[in-house]
Amino acid sequence: MPIELTRMSALEYDNIVSGKMTPAMAAEYLKNGKVTVRSFAQTLKEMYPAPNLSQRLTEFFLSILPDTNPQSVSRKIRNWISGKNQPADREDIFRIAFALGFSEQQLDYLLSLCTDFGIQYRNDREVIFTWFLRGGRPYEEAAAFYASLPPVRERNLARTRKTSRLTHEVRAEFQAVGTTEELKRCHARNLDNFGSMHLRAYYYFEKYLNQLIHPTPQWDSNAAEPDYSLEAVMNIYLSLRIPSGRKRTDYTLVQKLLKQNWPNATSIKNIRSHREDVPRKLLLLLYVVTENEPLEEDPYNGLDEEYMPLEDRVEYHWWTLNAILGDCGMAPLDPRNATDWLILYAISSDPEEPMSERLEQVIAHVFDSV
């Protein structure tokens, strides 16, 4: 079992790896709310347990946004704390971190919980505000400093830089900065490195997608098969019995969580053309559908060993997937997240059963009443 899990997450992990749940049982487990979903409100209260949470956030937001409606701000924060919804704007999460005096690590965790990515160190605004947060300096000072910097022209580096080294290099350089003058010079040196897209996520996206578009190795002329269109890839591999359409009024919480941001042919086209970023959910689905098959130049796969027990196979996928997610700046698997729980159930399939088939069966049972 992965050693970094909390007690409740470890219980969920062990429950899945036990192999005792059929897809129908797994669907019922999800539908009946047996998974204790980790909420933003609960996490925020654990990170800041003082009774003045609401007051402190409200006063801070009103102080930095004097032109906003006080009632609207108060209502938004009440909804966050009550668990009615969670921040969708990354900037709001930065504001929460400054308001409550959180660390860089706490900010990164909150961003990962509410969005697909942690701190984006190649986003010049985020790296600047993170530097001020790290030093315990006020949000207003960070905003004023950022406003004084030259604008960054968006560059699409995803096609030319295939590794994650760039992000690590930028982060390390900004972490070594000690003064605002050094920070300004560091920003100027990295103008060509900033961008909103995630380079490494595109690398994995393209790697997996190409396996689905080109289902037969090109060197195997005897088994040649036409390339699949993105519509065919979506219909054959990625729909997985998720209902189409946007209507979610009558959905349960779990149904809403699973359907939220599920990919479609249009979104995949936009991602492939680098008009949209790669969502974490899509990366997880592509891993399951392709079963992380190695490329032809590296054909060996440790999972091919027949003697490997189920628990070891699951742990292999667990560490592999988390390494990929971490490489992309995404949050690791969380057994208390409905989608992650389902992915974990899929990767715990028997060697003779495709992961995607197992995933599809659970989804069919979850949405059987729709």
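Only this structure's heavy atoms are used, side chains among them; waters, hydrogens and symmetry mates stay out.
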Is any side-chain heavy atom of [X] less than 4.5 Å from a side-chain heavy atom of [Y]?
| X | Y | result |
| --- | --- | --- |
| R241 | F367 | no |
| Y208 | L285 | no |
| M234 | L230 | no |
| Y287 | T320 | yes |
| F61 | T68 | no |
| L44 | L100 | yes |
| F132 | Y146 | no |
| L283 | L321 | no |

**Message:** Quick check: W80 with Y48 (ring centres under 6.0 Å apart)?
**Reply:** no
Can any side-chain N or O of [X] pair as donor or acceptor with the backbone N or O of [Y] at less than 3.5 Å?
| X | Y | value |
| --- | --- | --- |
| D116 | V278 | no |
| R280 | A331 | yes |
| E173 | C186 | no |
| S267 | P263 | no |
| Q255 | V366 | yes |
| W262 | L238 | yes |
| K281 | Q260 | yes |
| E126 | Q120 | yes |
| Q55 | N52 | no |
| D108 | I119 | yes |

**Prompt:** Does Y316 have R313 sitting over its ring (NZ/CZ under 6.0 Å from centre, angle to axis within 45°)?
**Reply:** no
**Item:** Face-on cation placement of R358 at Y345 ring, 6.0 Å and 45° thresholds
**Value:** yes
Contact summary for [X] and [Y], nearest pair of heavy atoms:
| X | Y | answer |
| --- | --- | --- |
| I271 | D277 | CG1-O, 3.5 Å |
| A97 | L107 | CB-CD1, 3.9 Å |
| D92 | P87 | CB-CB, 4.3 Å |
| D124 | V127 | O-CG1, 3.3 Å |
| I93 | T115 | CD1-CG2, 4.3 Å |
| K259 | S244 | NZ-C, 4.0 Å |

**Request:** Check the pair E357, E360 against side chain to side chain contact (heavy atoms under 4.5 Å, CB included), reporting the backbone distance first and the verdict last.
**Result:** CA-CA 5 Å; E357 184 176 312; E360 187 173 19; 5.5 Å; no
**Prompt:** Does E46 CD have over 12 foreign heavy atoms under 6.0 Å away?
**Reply:** yes
**Message:** Looking at R189, I want to see if its CZ is surrounded by more than 12 non-hydrogen atoms of other residues, nucleotides or ligands under 6.0 Å.
**Reply:** yes
Rounded to the nearest 0.5 Å, what's the gap from [atom1] on [X] to [atom2] on [Y]? Could you check?
| X | Y | atom1 | atom2 | result |
| --- | --- | --- | --- | --- |
| I347 | W318 | CD1 | CH2 | 7.5 Å |
| L183 | L149 | CG | CG | 7.0 Å |
| L342 | L240 | CG | CG | 9.0 Å |
| I96 | L57 | CD1 | CG | 6.0 Å |
| M330 | R200 | CE | CZ | 12.0 Å |
| R90 | L111 | CZ | CG | 4.5 Å |

**Message:** Name the residue from F194, F174, W131 that meets the ring pair (Phe, Tyr, Trp, His ring centres under 6.0 Å) definition with H187.
**Reply:** F194
**Message:** Between D89 and K76, does any side-chain N to carboxylate O distance fall below 4.0 Å?
**Reply:** no
**Prompt:** Just by distance, with hydrogens left out, do D327 and Y204 show a side-chain donor and acceptor under 3.5 Å apart?
**Reply:** yes
**Request:** Begin with the C-alpha distance, continue with both residues' side-chain angles, and end with the deciding distance and a verdict on side chain to side chain contact (heavy atoms under 4.5 Å, CB included) for F205 and L282.
**Result:** CA-CA 8 Å; F205 166 77; L282 176 57; 3.7 Å; yes
**Asked** Of all residues at least two apart in sequence or in a different chain, which pass the side-chain contact (heavy atoms from CB on, under 4.5 Å) check with A24?
**Response** T22, H365
**Request:** Could you check I77 against L53 for side chain to side chain contact (heavy atoms under 4.5 Å, CB included), going step by step and ending with a plain yes or no?
**Result:** CA-CA 10 Å; I77 291 172; L53 173 60; over 6 Å; no
**Request:** Tell me, with the steps shown, if F40 and L110 meet side chain to side chain contact (heavy atoms under 4.5 Å, CB included).
**Result:** CA-CA 8 Å; F40 170 78; L110 276 184; 3.7 Å; yes
